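The structure under discussion appears below in the form of structure tokens.
Below, chain A is the first sequence line, B the second, and so on; all start at residue 1. Everything numeric here is computed off the predicted structure, so don't read it as measured data.
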Number of protein chains: 2
Amino acid sequence: MTETAPPADASLPAIGVRTTRQRQAILTALTGRTHPMTAQAVHTALTGAGHRIGLSTVYRALHRLAEVGLLHSFEVGGERAYRRCPDTTHQHLLCDKCGLITECPPHLVDAWLTELRATTGFTPHADRIDLHGHCADCTAAAR
Amino acid sequence: MTETAPPADASLPAIGVRTTRQRQAILTALTGRTHPMTAQAVHTALTGAGHRIGLSTVYRALHRLAEVGLLHSFEVGGERAYRRCPDTTHQHLLCDKCGLITECPPHLVDAWLTELRATTGFTPHADRIDLHGHCADCTAAAR
DNA sequence: CTCCATGCAAACGCTTTGCACTGAT
DNA sequence: ATCAGTGCAAAGCGTTTGCATGGAG
């Protein structure tokens, strides 16, 4: 398994991606967020903050950045949303209530996936698991 | 947990859905399929088979039938696809190669979900889990 | 007889693409 | 100097909706 550990901020050239004002802005906007953002949301946020950037650029950049592993993309209600990946974990817990995405403890999944595979013959994509539900906070709030 | 066991063919009225020529055709087209179909695919199949049915009717019917539990819907590459549910299991294994959908043995999941919840506080939607990967056949074919 | 359901066509919203220009390497 | 990246506007595509008609209960 090749490590795609995301560089802190911008070692873009090292991955074969040119460093541009727009891409930096997008990465910055996405940094520190626990909730994913759609292309439109990113565009609105950036233009609202005074940046000059085209919508299609946002789409293309997000696509590219996800491709090289700097972002993770999620299917949220028929829309594509992106988030910076905080680590190498690609197993996510998505809260359908508040949109929060947390990482799933790998060891917890791996054992189960192995068992699943052994039992059913089905080979799960261990590096791309999105589990829907309610996060701890929303679960607590619901009671 | 309320049982939503799908009636063999058409106890539609019992669920509050009127029995129409179009809905029966849709259910028939979907019966016995292991792969899900998109609205467009269903429409093409039906009109190709000589049925007179509007595209929007297909959309509305699929939506409604999924709502009452006769169909399961899946997000497949940004599109919505539907399949008749063979049983009460709502935990699916989706093959990204051939599109095959199989049911996941409930006991295998439930224990794990319980553990996940206890460990993380996250409450998974146990009745709506879609796991992507390669089915047994495609896994075998790949080697 | 009353509504739910249908068909058609228009509208919608998100995303992609063509093309000429800009800017990073 | 070269070519990836950008901006704009138009097109694409799956899906939804308004409205008048049709058929199930």
Pair up each side-chain donor or acceptor in residues 67-75 of chain B with any protein partner under 3.5 Å, not counting sequence neighbours, and list the distances.
from     : atom 1 : to       : atom 2 : distance (Å)
Glu67(B) : OE1    : Arg64(B) : NH1    : 2.7
His72(B) : ND1    : His92(B) : NE2    : 2.9
His72(B) : NE2    : His90(B) : ND1    : 3.0
Ser73(B) : OG     : Arg80(B) : NE     : 3.2
Ser73(B) : OG     : Arg80(B) : NH2    : 3.2
Glu75(B) : OE1    : Arg80(B) : NH1    : 2.6

Roughly how far apart are Leu30(B) CG and Leu62(B) CG, rounded to 0.5 Å? 7.0 Å

Nearest-Å distance, CD (Glu75(A)) to C1' (dG14(D))? 13 Å

In terms of hydrophobic clusters joined by side-chain contacts under 4.5 Å, are Ile129(A) and Ile129(B) together? yes

Pairs: protein N or O with nucleotides 10-14 of chain C N or O, under 3.5 Å:
none

Any donor-acceptor pair under 3.5 Å linking the side-chain atoms of His134(B) with those of Asp96(B)? no

Given atom NE2 of His43(B) and atom C1' of dT16(D), what is their separation to the nearest angstrom? 15 Å

Counting N and O atoms only, with roles assigned by atom type, does the side chain of Trp112(A) sit under 3.5 Å from a partner on the main chain of Leu113(B), one being a donor and the other an acceptor? no

For Glu79(B), side chain to side chain donor-acceptor pair (under 3.5 Å) partners two or more places apart: none

Quickly work out the Met37(B) CE to dT15(D) P distance and round it to whole Å. 13 Å

End-to-end bend of the helix from dC1(C)-dG25(D) to dT25(C)-dA1(D) (five-pair axes, 10° rounding)? 40°

How would you summarise protein contacts on nucleotides 4-10 of chain D per nucleotide, using B for base, S for sugar-phosphate only and - for none, with heavy-atom distances below 4.0 Å? BSBBB--

Using a 3.5 Å distance criterion without hydrogens, assess whether the side chain of Thr47(A) forms a donor-acceptor pair with backbone atoms of His43(A). yes

For His35(B), does the NE2 atom sit with more than 12 other heavy atoms under 6.0 Å from it, leaving out its own atoms? yes

Could you note down all residue pairs passing salt bridge (charged side-chain N to carboxylate O under 4.0 Å, His left out) where residues 103-117 of chain A supplies at least one of them, sequence neighbours left out? Arg83(A)-Glu103(A)

Tell me, yes or no, whether the heavy-atom count around Arg128(B) atom CZ, taken from other residues, nucleotides or ligands under 6.0 Å, exceeds 12. yes

